[in-house]
Amino acid sequence: MNDCLSLNATAGRVAHLAREKEEKRVQERRRHLLYLITAFLREQGYSNTAESLFKEAQLSRDVHVCDNIDLETIILEYTDYHYAKYNRYPKLCKKTEVGNVAQNTVTHNNNNKRERVSKVSSKQEDSRVTEECSNIGKNKNVQQKLYGQTASNEWNELNLGITVTPIFPAESGDRVAVQMPMFGETFADNERPLKPIGNLYPIGSELKEIADIISREIVQQNLNIHWGDIKGLRDCKMLLKEAILYPMKYPSLFSGKLGSCKGVLLYGPPGTGKTMLAKAVATECQSTFFNITSSSVISKWRGDSEKYIRVLTDLAKHYAPTIIFIDEIDWTTTKNVDDTSSSSEPARRFRAELLARLDGLLSMEHTNVILLAATNVPWNIDVALLRRLEKRIFVDLPDETSRLEILRSYVRNDLCNSPEILKLAQETVGYSCADLKLMCKEAWINQLRPIWASLEAKAISLNDIQNDGLINEINHIMLAKPIVKPIGKHMNAQYMQWHKEFGFSK
């Protein structure tokens, strides 16, 4: 009896292990299929689509498809097997009915927006539609039949609700950047597509994959920050116009031996508007704007940081006129006082490659590439980099006139000339632009507290509230002033000293 139970238990465990093993193989096979699809998309030039799938599926960058296998090989082998067994080639896809596909897609959008691409109708129909779309020559009007839209003359593509910006075109070179809106949505016209890279790097090379990563740092949207949106900082705005905007707008005036400025450094206390100035430059100059952060160019693997800088400079020349903006540049280019410096090895290698590439980049004529950097601690920047940042602009704390202008932008028009706000502008010496905004935000919270109490008590409704987004009483700001402390006030003397030694004065 016991022996039978023991045998049954052993058989159950074996069957359970076999099922777990089979489930693991199925999961692994599906996981491998995602890697194959991603590799196929990259080979065909759909770099951004492949990256979106890579992130959504949470694939590992340490796993690569073997050299002797790809989707085309698998389909070819399956086709040969099917022909040898049934004496005819398999039919991989067929046309679907217009109403069913569109209705299923819209219904699924309402249930789960994240899976609207993977489940258009059913798995079988989806694979057939995908294969049908690839056969453009045979079924040219698939897109019109599915969504009732006119297909592009240059690129017929299914509208699957994905934003696609191809960086690497097909070998024919006739593809352009296209971005497709979702159902019921209108695509923002403030984004401009990128031109194809072409033959800048060989297809499938490592540098091409790095170029795809760096290209995601290009700001394609219109940030809609203009010079007039920045209160105060008149001298800083004029210096930036002279250094960046005018050379791009009037290149013939800077075509002589001296040329234009190729490196600009914005430095000053935190919250004084350095990043806001960079946004205004990106909006006004209408050039390719790279927003480079340390996470996008620093790698723990030896040699990768140097490759990132090389690809960055290549792309900057390709997309010229270009502005390369590196915020908080002191983190990656901290000067080495001695060999015991705390700067990490990737940061040191990044600094060495950046300095070497900047020499070649800045010495090139008619490339129209400018390096724009910002920092809160300019005294920590390497001297060699300071030499390449020719114009160093001090973004100082706002003066009384600028503080008054900032405060007036957050209050109602009838309070702009009140004695209280004039006095408040005088008493906020040492406050940065961010400090003043935070103070007004705290005043806005004070103004909303009685309204929240009435809403919670259901004494009023949201329809009864007229919200113009402005402060209606100066008293709210006066109450918020003791709460908000200026951050960079105690460091201003250090900035002034550095400005006298290395800064640029108009």
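Residue numbers count from 1 along this sequence.
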Problem - Test side chain to side chain contact (heavy atoms under 4.5 Å, CB included) applied to Ile487 - qualifying residues, sequence neighbours left out - result: Asp435
Practice task
Report the distance from atom NZ of Lys231 to atom OG1 of Thr401, rounding to the nearest 0.5 Å.
Solution key: 14.0 Å
Practice task
Using modelled atom types only, decide if a donor and an acceptor are shared between the side chain of Tyr35 and the backbone of Ser60 within a distance under 3.5 Å.
Solution key: yes
Fill in the blank from the handout: The salt bridge (charged side-chain N to carboxylate O under 4.0 Å, His left out) partners of Glu51 (sequence neighbours excluded) come to Arg42, Arg61, Arg216
Exercise for the section: Check side chain to side chain contact (heavy atoms under 4.5 Å, CB included) between Glu206 and all other residues, then give those that pass, not counting sequence neighbours. Expected result: Ile210, Asp304, Lys307
Handout entry: All side chain to side chain contact (heavy atoms under 4.5 Å, CB included) counterparts of Pro251, not counting sequence neighbours
Key = none
Handout entry: Pairs where residues 257-280 contributes a residue and the test ring pair (Phe, Tyr, Trp, His ring centres under 6.0 Å) is met, not counting sequence neighbours
Key = Tyr267-Phe394, Tyr267-Trp498
Problem - Min side-chain heavy-atom separation Leu312-Glu217 under 4.5 Å - result: no
Practice task
Sequence neighbours left out, what passes side chain to side chain contact (heavy atoms under 4.5 Å, CB included) with Asn376? Give chain and number order.
Solution key: Pro270, Lys274, Glu328, Tyr495
Completion exercise
Between Leu240 and Val264, the two heavy atoms sitting closest are CD2-CG1, 4.0 Å
Practice task
Ignoring hydrogens and angles, tell me if any N or O in the side chain of Thr288 forms a donor-acceptor pair with the backbone of Thr322 under 3.5 Å.
Solution key: no
Handout entry: Counterpart residues, salt bridge (charged side-chain N to carboxylate O under 4.0 Å, His left out), relative to Lys279 (two or more places apart)
Key = none
Handout entry: Qualifying salt bridge (charged side-chain N to carboxylate O under 4.0 Å, His left out) pairs, either residue in residues 415-433, two or more places apart
Key = Lys423-Glu427
Completion exercise
Quick note, ring pair (Phe, Tyr, Trp, His ring centres under 6.0 Å) partners involving residues 228-258, not counting sequence neighbours, are none
Completion exercise
Hits for salt bridge (charged side-chain N to carboxylate O under 4.0 Å, His left out) against Glu442, two or more places apart or cross-chain, chain-then-number order -> Arg449
Handout entry: Exercise: identify the closest heavy-atom pair between Leu223 and Ala282
Key = CD1-CB, 4.0 Å
Give the table of side-chain donor-acceptor pairs shorter than 3.5 Å for residues 404-411, with sequence neighbours excluded, one pair per line with atom names and distance.
unit_1: Arg408; atom_1: NE; unit_2: Cys416; atom_2: O; d: 2.8
unit_1: Arg408; atom_1: NH2; unit_2: Cys416; atom_2: O; d: 3.4
unit_1: Arg408; atom_1: NH2; unit_2: Asn417; atom_2: OD1; d: 3.1
unit_1: Ser409; atom_1: OG; unit_2: Ile406; atom_2: O; d: 2.5

Handout entry: Val377 backbone acceptor or donor facing Asn380 side chain under 3.5 Å
Key = no
Handout entry: Contacts of Glu501 that satisfy side chain to side chain donor-acceptor pair (under 3.5 Å) - sequence neighbours left out
Key = Gln497
